[in-house]
Amino acid sequence: MRDSQNLECFRKQLQESLEEIEQYLAKTAESAEAVSPDKGLGRLSRMEAMQDQQLILAARRRKKMQKVEVLSALQRIENGIFGTCIFCGKPIAFERLEVAPEATTCVNCS
Ligand SMILES: [Zn+2]
C-alpha cells in the first residue's frame, strides 16, 4: 500500500468503524448486564428480556472481535505494513480492502 492518499482514506474508514463499535458497546453495556428477576412485568416479558440479552451479548462479542481487527489494522497502518497479506506477504487486492479494510490476508490465503 504505497498510495498515501488511499492509506489516509482507509485510516479514516477504520477510525469511523472504531467509533461506531465503541458507541455500540457503550450503548449496550447496560443491556448486557444480567436480567434482574424483577425486570419485566410477567414471565413472558422476562423471557423476552433474556432472549434480547442473548442477542445483545452475541452482537457485543462480534463487535469486540471487530474492534480488535480494526485496532490491529490501524496499527498496521502505523507500522507501514497495511495492505500486506500476513501469510504470503503479497499485497492484498485494493477491492478487498475497500470492502474490509481490516482484512489481514489476501484472497488466496483467507
Ligand atoms: Zn496471501
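In this structure, Q13 CD and L74 CG are separated by 11.0 Å, a value rounded to the nearest 0.5 Å. To the nearest 0.5 Å, atoms CZ (R61) and NZ (K64) are separated by 8.5 Å. Here Q15 contributes atom CD and E20 contributes atom CD; the two are 14.0 Å apart, rounded to the nearest 0.5 Å. For the atom pair CE of M50 and OG of S45, the computed distance is 12.0 Å after rounding to the nearest 0.5 Å. Once rounded to the nearest 0.5 Å, the distance linking CD1 of I56 with CD of Q51 reads 12.0 Å.
Residues passing the side chain to side chain contact (heavy atoms under 4.5 Å, CB included) test with L71, sequence neighbours excluded: L18, K67.
Nearest heavy-atom pair across G89 and T84 is O-CG2, 3.2 Å. Residues C85 and C88 approach most closely at SG-N, 3.4 Å, considering heavy atoms. The heavy-atom pair separating E102 from L14 by the smallest distance is N-CD2, 4.2 Å. Across all non-hydrogen atoms, the minimal contact from F82 to A73 is CD1-O, 3.8 Å.
In the hydrophobic clustering, I86 connects to F87, either directly or through intervening members, whenever side-chain heavy atoms lie under 4.5 Å apart.
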List the steps and the verdict of side-chain contact (heavy atoms from CB on, under 4.5 Å) for M65 and V68.
-> CA-CA 5 Å; M65 274 160 65; V68 172; 5.7 Å; no

Determine all donor-acceptor pairs shorter than 3.5 Å in which one atom belongs to a side chain in residues 90-100; sequence neighbours excluded.
| residue | atom | partner | partner atom | Å |
| --- | --- | --- | --- | --- |
| R96 | NE | T105 | O | 2.7 |
| R96 | NH2 | T105 | O | 3.1 |
| R96 | NH2 | T105 | OG1 | 3.3 |

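Side-chain atoms of Q5 and E8, non-hydrogen and from C-beta on, never get closer than 4.5 Å to each other. The shortest distance between side-chain heavy atoms of E16 and K12 falls below 4.5 Å.
When atom types are taken as modelled, the side chain of Q66 and the backbone of I21 share no donor-acceptor pair closer than 3.5 angstrom. Checked by atom type and distance alone, the side chain of R60 pairs as donor or acceptor with a backbone atom of L25 at under 3.5 Å.
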